[in-house]
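Remarks on the structure that follows.
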Amino acid sequence: MSMKAQILFLFSIYCFLIGSTPVMKAQTGKFYSTDKELSNSLINAVYQDRKGFIWIATENGLNKFDGTRFSIYRHNATDSTSLKNNYVRTLFEDSRGNFWIGCINGLQRYDRATDNFHELFISRKNPHITSIIERRNGDLWIATSGQGAISLKKNSNPASFHIETELTDRIGSNYLNVIFEDSRQNLWIATEEKGLYR
């Protein structure tokens, strides 16, 4: 065996031994509970915003995790800029950086500068918000449990929500769980009692 072949053979054995040696990677987990950190153990959504904060929507408050500690937001009847309802169902951040909070009785937008929430009135009845998406064209679409689908055109005044009655009439249900837009811009709508529609 030539010297070059011997070196290649020894190098191959070395690489095999190094590659087969188990490398222990330490991964630790942390359990967050209602004892110290979370406002509630009934979690509806977990969302990371563009600033890196982790938001946890629960059935008793909204939690924000900054990597070290939790901040808990709850409804305060004497403060109109507090969380609208402690039962938070869904969270979404749009391409313009607006952070939306869907509660069981309405929609709010979080103001990072003031650390407050602002209610957006959609209709006389405060809808139970179940899902929020931004379509490829920039329009915001909201699924509700009881009032069907609601849309907000890109760059329009937040007061100009449009209830999509024609769409929900075709589906035959106002009780929607999830709304989703696929890569072909088809809307997929999961209802509570009438199945899935595209």
Side-chain angles (χ1 to χ4, degrees), residues 43-59 61-67 70-75 80-123 125-168 171 174-191 196-198:
I43 297 169
N44 292 317
V46 178
Y47 195 95
Q48 184 172 23
D49 69 17
R50 63 178 58 188
K51 301 213 178 267
F53 294 108
I54 302 292
W55 294 82
I56 300 101
T58 79
E59 295 187 10
L62 178 63
N63 302 260
K64 180 174 74 172
F65 184 63
D66 65 7
F70 284 90
S71 298
I72 297 174
Y73 300 93
R74 285 199 172 95
H75 174 69
S80 63
T81 64
S82 72
L83 196 62
K84 180 170 178 56
N85 192 297
N86 287 332
Y87 194 129
V88 182
R89 181 72 187 267
T90 189
L91 307 165
F92 182 75
E93 184 175 26
D94 67 26
S95 61
R96 295 175 293 284
N98 296 310
F99 193 71
W100 303 89
I101 296 95
C103 296
I104 62 165
N105 65 340
L107 181 69
Q108 287 185 294
R109 190 170 53 205
Y110 176 65
D111 185 338
R112 288 182 175 90
T114 61
D115 197 33
N116 290 324
F117 302 89
H118 301 286
E119 184 175 2
L120 297 151
F121 295 97
I122 296 174
S123 67
K125 304 174 193 171
N126 292 320
H128 177 166
I129 310 294
T130 57
S131 179
I132 306 169
I133 64 163
E134 181 176 9
R135 299 200 66 183
R136 191 176 297 178
N137 65 5
D139 293 352
L140 201 68
W141 277 67
I142 300 162
T144 73
S145 179
Q147 293 188 42
I150 299 168
S151 66
L152 176 65
K153 298 289 182 199
K154 180 181 178 180
N155 299 326
S156 67
N157 183 330
S160 57
F161 285 98
H162 176 69
I163 297 175
E164 300 287 339
T165 52
E166 183 181 333
L167 175 68
T168 48
I171 292 172
N174 284 320
Y175 295 90
L176 312 179
N177 280 329
V178 178
I179 191 163
F180 174 78
E181 183 181 37
D182 67 22
S183 59
R184 295 181 177 173
Q185 298 182 38
N186 293 310
L187 280 179
W188 294 78
I189 299 170
T191 70
L196 179 67
Y197 287 82
R198 186 183 68 182

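In this text, all values refer to a predicted model and were calculated from it rather than measured experimentally.
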With a 4.5 Å limit on heavy-atom distance, are the side chains of Ile133 and Leu187 in contact?
yes
Requested in this report: Check whether any side-chain heavy atom of Val88 sits under 4.5 Å from a side-chain heavy atom of Asn44, and report yes or no.
Outcome: no
Is there a side-chain contact between Lys84 and Ile101, using heavy atoms and a 4.5 Å cut-off? no
d(Phe92 CZ, Ile129 CD1) to nearest 0.5 Å is 13.5 Å
Note: Asp94 and Arg96 closest approach over all heavy atoms is OD1-N, 2.9 Å
Residues Asp49 and Arg112 bridged, charged N to O under 4.0 Å: yes
Test item: Tyr47 side-chain N/O and Leu91 main-chain N/O as donor-acceptor pair under 3.5 Å:
no
Sidechain-backbone polar pair: Thr168 side chain, Asn174 backbone, donor-acceptor under 3.5 Å:
no
One should read off an interatomic distance between Ile142 CD1 and Glu134 CD, to the nearest 0.5 angstrom, of 11.5 Å
CD1 (Ile56) and CG (Leu62) are apart, to the nearest 0.5 Å, by 8.0 Å
Flag if over 12 foreign heavy atoms under 6.0 Å of CZ, Arg50 = yes
So CG of Leu167 and CD1 of Ile150: to nearest 0.5 Å the spacing works out to 11.5 Å
Any side-chain to backbone donor/acceptor pair from Thr90 onto Gly102? Under 3.5 Å, distance only. no
Heavy-atom closest pair (Tyr175 atom, Ser145 atom, distance to 0.1 Å) is CD2-OG, 3.5 Å
| said: Using only atom types and a distance under 3.5 Å, with no angle test, would you say the side chain of Gln108 pairs donor to acceptor with the backbone of Ser82? | reply: yes
(message) Quick check: do Asn63 and Phe65 have side-chain heavy atoms less than 4.5 Å from each other?
(response) no
CD of Glu59 to CZ of Arg89, rounded to nearest 0.5 Å, is 8.5 Å
Donor-acceptor pair, distance only, cut-off 3.5 Å: does the side chain of Asn86 make one with the backbone of Arg74? no
Please lay out, stage by stage, how Asp139 and Lys154 fare under the test salt bridge (charged side-chain N to carboxylate O under 4.0 Å, His left out). CA-CA 5 Å; Asp139 293 352; Lys154 180 181 178 180; over 6 Å; no
Discussion item. Within the 4.5 Å heavy-atom criterion, are Leu152 and Ser160 side-chain neighbours or not?
Written reply: yes
message: With a 4.5 Å cut-off on side-chain heavy atoms, are Asn126 and Asn85 touching?
response: no
Checklist entry - So, Asn116 versus Tyr110: side-chain donor-acceptor pair below 3.5 Å or not? => result no
Check: If you count the non-hydrogen atoms of other residues, nucleotides and ligands that lie under 6.0 Å from CD in Glu166, is the total more than 12?
Finding: no
| said: I'd like to check Asp115 versus Lys64 (side-chain heavy atoms, cut-off strictly below 4.5 Å). Are they in contact? | reply: yes
Does Gln185 use its side chain to pair, donor to acceptor, with the backbone of Arg136 at less than 3.5 Å?
-> no
The reported gap from SG in Cys103 to CG in Leu83 (rounded to nearest 0.5 angstrom) is 5.0 Å
Quiz prompt | Close side-chain approach of Ser80 and Glu119, heavy atoms under 4.5 Å | solution = no
Is the CZ atom of Arg184 crowded by more than 12 outside heavy atoms at less than 6.0 Å? no
